[in-house]
Amino acid sequence: MIQLRVRSRDGLERVSIENPQITVSQLKTLIQSQLQIPIQNQTLSTNQNLLLSKTPADLLNFTDMANPNATLSSLNLAHGSIVFLAYDGERNVSGPRNFNPAGSFGRKMTMDDLIAKQVRVTRQENPHCELVSFDRDSAHAFQHYVNETLAFGVKRCGFMYGTVSETGKVEVDFIYEPPQQGTEENLAILRDPDEEKLVEAIGIGLGMRKVGFIFTQTISQDKKDYTMSNKEILQAAEFHAESGLKEWVTAIVKLEVNEDGGADVHFEAFQMSDNCVKLFKDGLFETEIAEDDDPKLSKMKKDVVVGVKDTREVDNDFFLVVVKIFDHQGPLSSSFPIENRITHVTLKALKNHLDRTKSLPFVKRISDFHLLLLLARFLDLNADVPALAECVQRQTAVPEGYQLLIESLASS
């Protein structure tokens, strides 16, 4: 027993078929008996444009199922395939409730009405982001920790901050790593609203904003046949939707085997498609993922149309739009110990850093986001944090009061 899906002006219905080797003529007989549409009134096609036909003459253009002796298998129709049906006349559609094919307001359903009721998933060819450029020091600091300390054994992530140009060029100048717990397959981000307020205040002072999300894939994931897993798609879509930034970038860091059999750290950048972000905002993603679910497919809570097929499982690649990657030398250093890692950052790290950079102007010595984040815990969020960050952004002299306070903290 197989089922074909039949889409007409009335919506999507199913026809049960016991013998998959039947002909077009026999299929029409089944449609007559199961859907109550007379054979002589039916025009069938695998081309969805059939439903746009306005006149009987238009129907004559659809000949792929005109041969009554053609078998379904010769037309590549199998279980779950969709056939489009145009027919003359009116009928009563059976179902769980009374349904009037003329529509709820007494007008005939048009193709536009049908399309409006569908949720379509299509590929997006062009990103809103022209390119993403990573500050070399901050990108190195992130990948070095993941490679040398975590050995790509557990997942790790961060939020990328920088600027967006009028042409859609995204520059990433620092990466904030929130509290998190990573395993081989999962990444739990333990977001700290108070800490994120400090990060935002520093960003404002530096003339920067949150521009993307970066995460790593583990060695075990390298053996899987996907670019991003369903769990990663969900997480990336959530942050993209939350950002409200059309140029928002999602970056992946992973190990790839090189020609010599060694492993190189590899960066990839994407945007989640407009389609993906809208589906997430509309609550259509199935958020409960079972252990035996295929990681390269995202499940939907209702049927969506991919190509000409109705499905609840979408290949994750449909949601990804590739972004070109460049690098640059940004205005900040990334030599200060980074927050929320295995080793806790203390004021002793501040003293060591200041001692090591004595030969530099004071503003240069504190031109590091991770150092500013430590200092921000001891400063006024609304006044001091943006003011100090602005000195760094403009590379102007740090007021003596701030300098004394920072040196005092380092000595405490």
Side-chain angles (χ1 to χ4, degrees), residues 127 129 131-162 170-190 199 210-240 243 247-259 262-272 295-296 316-317 319-330 332-335 337-342 369-370:
C129 168
L131 62 89
V132 59
S133 181
F134 288 91
D135 168 69
R136 296 184 196 100
D137 291 344
S138 94
H140 175 74
F142 183 76
Q143 68 86 16
H144 185 267
Y145 176 69
V146 171
N147 192 12
E148 298 296 325
T149 304
L150 304 182
F152 280 95
V154 297
K155 295 172 73 66
R156 185 78 185 166
C157 77
F159 290 110
M160 304 187 292
Y161 281 73
V170 173
E171 285 197 350
V172 175
D173 287 314
F174 70 83
I175 298 171
Y176 159 62
E177 298 179 23
Q180 57 196 275
Q181 186 65 50
T183 66
E184 275 192 330
E185 298 289 341
N186 297 307
L187 179 61
I189 303 175
L190 314 172
V199 176
K210 197 188 297 184
V211 294
F213 176 61
I214 186 169
F215 68 93
T216 63
Q217 291 183 333
T218 58
I219 297 172
S220 63
Q221 286 183 277
D222 188 47
K223 299 167 186 172
K224 307 289 177 66
D225 183 26
Y226 56 72
T227 307
M228 283 174 65
S229 72
N230 44 19
K231 292 177 183 177
E232 291 166 347
I233 290 283
L234 267 178
Q235 206 161 45
E238 177 185 356
F239 295 136
H240 193 145
S243 75
E247 295 90 356
W248 180 269
V249 175
T250 298
I252 305 173
V253 183
K254 58 185 179 181
L255 278 183
E256 285 200 345
V257 178
N258 59 32
E259 294 176 355
D264 294 328
V265 177
H266 185 67
F267 280 69
E268 292 180 348
F270 302 93
Q271 281 203 284
M272 310 312 291
K296 64 175 177 286
N316 297 334
D317 284 351
F319 297 133
L320 301 178
V321 190
V322 176
V323 175
K324 293 179 290 187
I325 293 182
F326 289 77
D327 64 3
H328 67 275
Q329 193 63 55
L332 305 173
S333 71
S334 289
S335 58
I338 293 173
E339 64 284 346
N340 300 314
R341 290 185 172 180
I342 292 172
F369 160 74
H370 308 287

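L320 is listed as a side-chain neighbour of M272, based on a closest heavy-atom distance under 4.5 Å. The side-chain heavy atoms of K210 and F239, taken from C-beta on, include no pair separated by under 4.5 Å. H240 is not listed as a side-chain neighbour of F213, based on a closest heavy-atom distance of 4.5 Å or more. For the pair N340 and L190, the minimum side-chain heavy-atom distance is 4.5 Å or more.
Taken from NE2 in H144 to OG1 in T149, the straight-line distance is 7.0 Å, to the nearest 0.5 Å. The structure places CG of L131 at 8.5 Å from CD of E171, a figure rounded to the nearest 0.5 Å. Distance CD1/I175 to CD1/I214: 4.5 Å, rounded to 0.5 Å. Atom-to-atom distance recorded for L187:CG and T218:OG1 is 10.5 Å, nearest 0.5 angstrom. K254 NZ to Q143 CD: the interatomic distance, rounded to the nearest 0.5 Å, is 15.0 Å. Residue F142 holds its CZ atom at 7.5 Å from CZ of F267, rounded to the nearest 0.5 Å.
When the side chain to side chain donor-acceptor pair (under 3.5 Å) test is applied to D135, no partner is found at least two apart in sequence or on another chain. When the side chain to side chain donor-acceptor pair (under 3.5 Å) test is applied to E339, the partners found at least two apart in sequence or on another chain are H370. Taking the side chain to side chain donor-acceptor pair (under 3.5 Å) definition, one finds that S334 meets it with nothing, sequence neighbours left out. Qualifying side chain to side chain contact (heavy atoms under 4.5 Å, CB included) partners for K231, counting only residues two or more places apart in sequence or in other chains: N186, S229, I289.
Residue Q181 places its CD atom among 12 or fewer non-hydrogen atoms of other residues, nucleotides or ligands, all under 6.0 Å distant.
Shortest non-hydrogen contact noted between V172 and H328 is O-CE1, 3.4 Å. The shortest non-hydrogen separation linking A269 to V132 is CB-CG1, 3.6 Å. Nearest heavy-atom pair across P295 and N316 is O-ND2, 2.9 Å.
Listed by first and then second residue, the salt bridge (Lys or Arg N to Asp or Glu O under 4.0 Å) pairs involving residues 150-159 are K155-E232, R156-E177 (not counting sequence neighbours). Applying the salt bridge (Lys or Arg N to Asp or Glu O under 4.0 Å) rule to pairs touching residues 136-150 yields R136-D327, sequence neighbours excluded.
Between the side chain of D173 and the main chain of G330, no donor-acceptor pair closer than 3.5 Å is present. Under a 3.5 Å cut-off, the side chain of Q180 and the backbone N or O of C157 do form a donor-acceptor pair. With E268 contributing its side chain and T227 its backbone, the two residues share no donor-acceptor pair below 3.5 Å. Q271 contributes a side-chain N or O that, together with a main-chain N or O of W248, makes up a donor-acceptor pair within less than 3.5 Å.
Below 30°, between 30° and 60°, or above 60°: for F369 and Y161 the angle between ring planes is below 30°, a parallel geometry.
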What do the steps show when you test F319 against F270 for ring pair (Phe, Tyr, Trp, His ring centres under 6.0 Å), and what is the final call?
CA-CA 9 Å; F319 297 133; F270 302 93; over 10 Å; no
